[in-house]
J.: 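Sharing a structure with you now.
Just so we're on the same page: letters track the sequence lines, and every chain starts at 1. In what follows, every heavy atom counts, from backbone to side chain, and hydrogens, waters and symmetry copies are set aside. If you're wondering where the values come from, they're calculated on a predicted model, not measured in any experiment.
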Amino acid sequence: MAYWLFKSEPDVFSFQDLVDKAGPEEWHGVRNYAARNNMRAMVLGDLGFFYHSVKGKAVVGIAEVVALAHPDSTAHEPGEKVVWECVDIAAVKAFPRPVTLDEIKAEPALAQMILVNNSRLSVQPVTKQEWEHICRMGGL
DNA sequence: GCCAACGTTGGC
DNA sequence: GCCAACGTTGGC
């Protein structure tokens with residue numbers, strides 16, 4: 001059982017979109033090896049924060065891994081040798097109150113988070129301590 | 001809108 | 001194999 005963080009621009013795909021989907025959503029479009037490797041490491045039942053980048057800049061909800069890494073259906077460019085992969089996720093619950101990036105940065109206990117130190121990695125691991133800390137901050 | 005950070009590409 | 005140049009991301 002591991003914890004993760006999925007980043008998305010809400011204008012492109014928001015947590016509400018995931019809630020509305022009410023089922024598996026293929027987390028396609030990731031074109032970064034570190035992020036792909038993180039998805040390969042996921043197992044069914046792993047949980048991940050859903051973070052809104054650019055607009056909102058806050059952890060807004062929790063999602064669950066509902067399908068193991070599989071080929072990204074959008075990665076079929078002609079001649080593309082690399083097979084990108086992705087997991088499927090589904091919404092679990094929204095935070096009663098979103099935890100903003102500012103709040104995370106203000107927490108010494110969260111200073112080691114990848115979100116703080118490498119904001120560009122779109123799929124990140126989160127430690128159990130970080131997970132529980134942010135859940136408390138968000139009212140869960 | 002700007003720019004720093006990061007990852008990738010390509011010349012050498 | 002190194003590194004400069006470039007494109008993209010995302011915070012500010």
J.: Flag the pair Lys57(A) and Asp102(A) as a salt bridge only when some basic side-chain nitrogen lies within less than 4.0 angstrom of an acidic carboxylate oxygen.
T.: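 Salt bridge flag = no for Asp102(A) with Lys57(A).
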
J.: Under 4.0 Å between any heavy atoms, over every strand shown, what does Leu121(A) touch: base, sugar-phosphate, or nothing? Just pick one.
T.: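 Result for Leu121(A) = nothing.
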
J.: Holding to side chain to side chain donor-acceptor pair (under 3.5 Å), I want the full list of residues that pass it with Ser53(A), two or more places apart in sequence or in another chain.
T.: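 Here no residue qualifies.
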
J.: Tell me if the aromatic rings of Trp84(A) and Tyr33(A) count as close, with their centers under 6.0 Å from one another.
T.: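 Judged by ring-centre distance (under 6.0 Å), Trp84(A) and Tyr33(A) do meet the cut-off.
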
J.: Using 30° and 60° as the class boundaries, would you call the ring planes of Phe13(A) and Phe50(A) parallel, tilted or perpendicular?
T.: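 Tilted, since the angle between the ring planes falls between 30° and 60°.
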
J.: Considering every strand and a 4.0 Å limit on heavy-atom distances, what is the contact class for Lys55(A): base, sugar-phosphate, or nothing?
T.: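 If one applies the 4.0 Å heavy-atom cut-off, Lys55(A) turns out to touch nothing in the nucleic acid.
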
J.: Does the distance from a Lys or Arg side-chain N to an Asp or Glu carboxylate O, for Glu9(A) and Lys55(A), drop under 4.0 Å?
T.: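 Answer for the salt bridge query: no.
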
J.: Going 5' to 3' along nucleotides 3-9 of chain C, which nucleotides have protein heavy atoms under 4.0 Å from the base (write B), which only from the sugar-phosphate (write S), and which from neither (write -)?
T.: ----BBB

J.: Rounded to whole angstrom units, what separation is found between the CD1 atom of Ile104(A) and the P atom of dC12(C)?
T.: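 Distance check: Ile104(A) CD1 to dC12(C) P gives 12 Å.
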
J.: Can you tell me how far P of dG11(C) sits from CG of Leu115(A), to the nearest Å?
T.: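 Leu115(A) atom CG is separated from dG11(C) atom P by 7 Å.
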
J.: Are any non-hydrogen side-chain atoms of Leu44(A) and Val66(A) less than 4.5 angstrom apart?
T.: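 Answer no - side chains too far apart.
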
